[in-house]
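Please read all numbers here as calculations on a predicted model, not as lab measurements. Each chain gets a letter, A, B and so on, in the order the sequences are listed, and its residues count up from 1.
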Protein chains: 2
Amino acid sequence: MSQARQTNIINLRAIRVACQECSLNTLCLPLGMDQAELNRLDDIIERKSPVNRGDHLFQIGDDFHAVYAVRSGSLKSYATTENGHEQIIGFHFPGELIGLDAIAEGVHPLATRALETTSVCAIPYDQLDSLSGELPGLRSQLLRLMSREISHDEQNMIILGQKSADERLATFLIGLSNRFALRGFSSTEFNLSMSRGDIGNYLGLALETVSRLFTRFQQDGLIRVERKFIEILEYDQLYALAGGEHSDHS
Amino acid sequence: MSQARQTNIINLRAIRVACQECSLNTLCLPLGMDQAELNRLDDIIERKSPVNRGDHLFQIGDDFHAVYAVRSGSLKSYATTENGHEQIIGFHFPGELIGLDAIAEGVHPLATRALETTSVCAIPYDQLDSLSGELPGLRSQLLRLMSREISHDEQNMIILGQKSADERLATFLIGLSNRFALRGFSSTEFNLSMSRGDIGNYLGLALETVSRLFTRFQQDGLIRVERKFIEILEYDQLYALAGGEHSDHS
DNA sequence: CGATGACTTGACTGCTGTCAACGTGCGTGG
DNA sequence: CCACGCACGTTGACAGCAGTCAAGTCATCG
């Protein structure tokens, strides 16, 4: 019977990749869990078929029943004000968990949509909650991930609260570079999956400002930019700029 | 607010107030726990003696070993940039948990200091973690509180990302009003425990701008302000302003 | 090949920060 | 009790960063 192991019957089956074989398990929920625990977790995770660019994972106000782990691709989360304007709250890359902000009220306070073809794992929350009661490793990692989310948001408040436009963009690029490096991609060359408008919206800047800064950073030799493609030429200088040397006059 | 210096030596004994007798237990960790669970939680909580205005609960980089629940008073959390400038990330009022952002790295990413005489409960994290494995009610509430923290931070990103100065201050006042109301205080009359500079820092505005807006709001009849004392006269108008009607021109 | 959307660049405006002076309340010490 | 110092807050003048409006360029796709 169990010869179906290797000779996969249909492609749909290929979607199922156990957590222990997932290259992201050191970033994601599995971190710190042993073999037996991993199997329990594997059982409740639903591997979804890929979502296309522009598709929503969920809308604002949708009932919350699962958190999502990104396996590949990227997404953005955003709120909308009454006048219909959209404010982007964050971008999501492989290994990151989405929807943790919905636990409190049982409803998603933000919408999330894919920036490109993207695949995710869905983890039903009621099962995650009860399973985290049984598995200390899972519980600790879940708390760590939520805690990290909180401190990331706090970092973003610093960016928005007191940094100038060029400091914001530099911080954004450094942040992307670091996130890609963690996932084994190049930290100096990457493609932006979001538009200039998205970046500006996220950073609290007009898209024209973002565009101007990209060209200025390029003129200054900090980066090379070619539409969506970014190459970081002077990481250290960019990092210093992001760090927030407010000139000196204080 | 600062009725400071009420040095009651005898009250030191009265510091021990069981969670079930605490007026904040519907906001704090105890929510959703039964009698037996509450007793378990009570056993691990340390009631600390009051901290004075300006005292630190912890500094940036301090080892993390406990989260703190505010019982009375208020505090601010802040980061410091390399040039020594301080960025306030949040204010804390009774019933709120402090330090959840430190779980991820085991070190406090922010410092927290009292704005007035303040008393807190300390909850050792290792015990909280293991206890939350045994008590489903505690685990759920802890996750809810962390989730709420995340969505609050996201709301703040919206404020900082796209609101104008007057919208920010209006949002701040409405937020305070709602928080006080939840705690059984007046939602229309209260004292600010933080300075104009703190408010401006938090909202990403110069303190002069905050001062000017207070006087303008008063001229417009929205509020009455007298040093630290605030009376909200037109809640609805203030709310509408906070909501973010970007004039109309869009 | 034209349409569409994304991006770039320029000109101008205005909100808000900066600098500066002054007012106000409070605690300390004579 | 009063004088003083100091921190905090208010108000004004000015300037600059970044937003808005607008025109034009570029890439992609049907």
Any B:K228 side-chain N or O less than 4.0 Å from OP1/OP2 of D:dC8
no
Indicate, with a heavy-atom threshold strictly under 4.0 Å, whether [X] touches base, sugar-phosphate, or nothing.
X      : answer
B:A206 : base
A:L205 : sugar-phosphate
B:S211 : base
A:G200 : nothing

Side chain of [X] only, please: which of [options] is the nearest?
X      : options                : value
A:L207 : C:dT9, C:dT16, C:dT8   : C:dT8
B:T215 : D:dA18, C:dT8, D:dT11  : D:dT11
A:S195 : D:dT20, D:dA18, C:dC7  : C:dC7
A:T209 : D:dT10, D:dG19, C:dT16 : D:dG19

Quick check: on DNA chain D, is the nucleotide nearest B:R212 upstream (toward 5') of the one nearest B:M194, or the reverse? Name the residue that is more 5'.
B:M194
Between A:G204 and A:R227, the residue closer to the 5' end of DNA chain D by nearest nucleotide is A:G204
Whether over 12 other heavy atoms sit under 6.0 Å from B:E189 CD:
yes
Rounded to whole angstroms, how far apart are [atom1] on [X] and [atom2] on [N]?
X      : N      : atom1 : atom2 : result
A:L160 : D:dA18 : CG    : P     : 13 Å
B:R53  : D:dA7  : CZ    : P     : 12 Å
B:I199 : D:dC8  : CD1   : P     : 13 Å
B:R168 : C:dC15 : CZ    : P     : 14 Å
A:L203 : D:dG19 : CG    : C1'   : 15 Å
B:Q218 : D:dT11 : CD    : C1'   : 15 Å
B:R216 : D:dG12 : CZ    : P     : 14 Å
A:H85  : D:dG19 : NE2   : C1'   : 12 Å

For [X] and [Y], which I'm curious about, is there any donor-acceptor pair between the side chains at under 3.5 Å?
X      : Y      : result
B:Y78  : B:D198 : no
B:T171 : B:K163 : yes
B:S77  : B:H92  : yes
B:E86  : B:T80  : no
A:H85  : B:Q162 : yes

Residue set satisfying ring pair (Phe, Tyr, Trp, His ring centres under 6.0 Å) with B:F214, at least two apart, ordered chain then number -> none
Side-chain-base donor-acceptor pair under 3.5 Å for B:E208 and C:dC19
yes
When the C1' atoms of the five terminal pairs at each end define the local axes, what inter-axis angle does the helix from C:dC1-D:dG30 to C:dG30-D:dC1 show, to 10 degrees?
30°
Candidates B:C121, B:P94, B:C28 - the one meeting side chain to side chain contact (heavy atoms under 4.5 Å, CB included) with B:R71:
B:C121
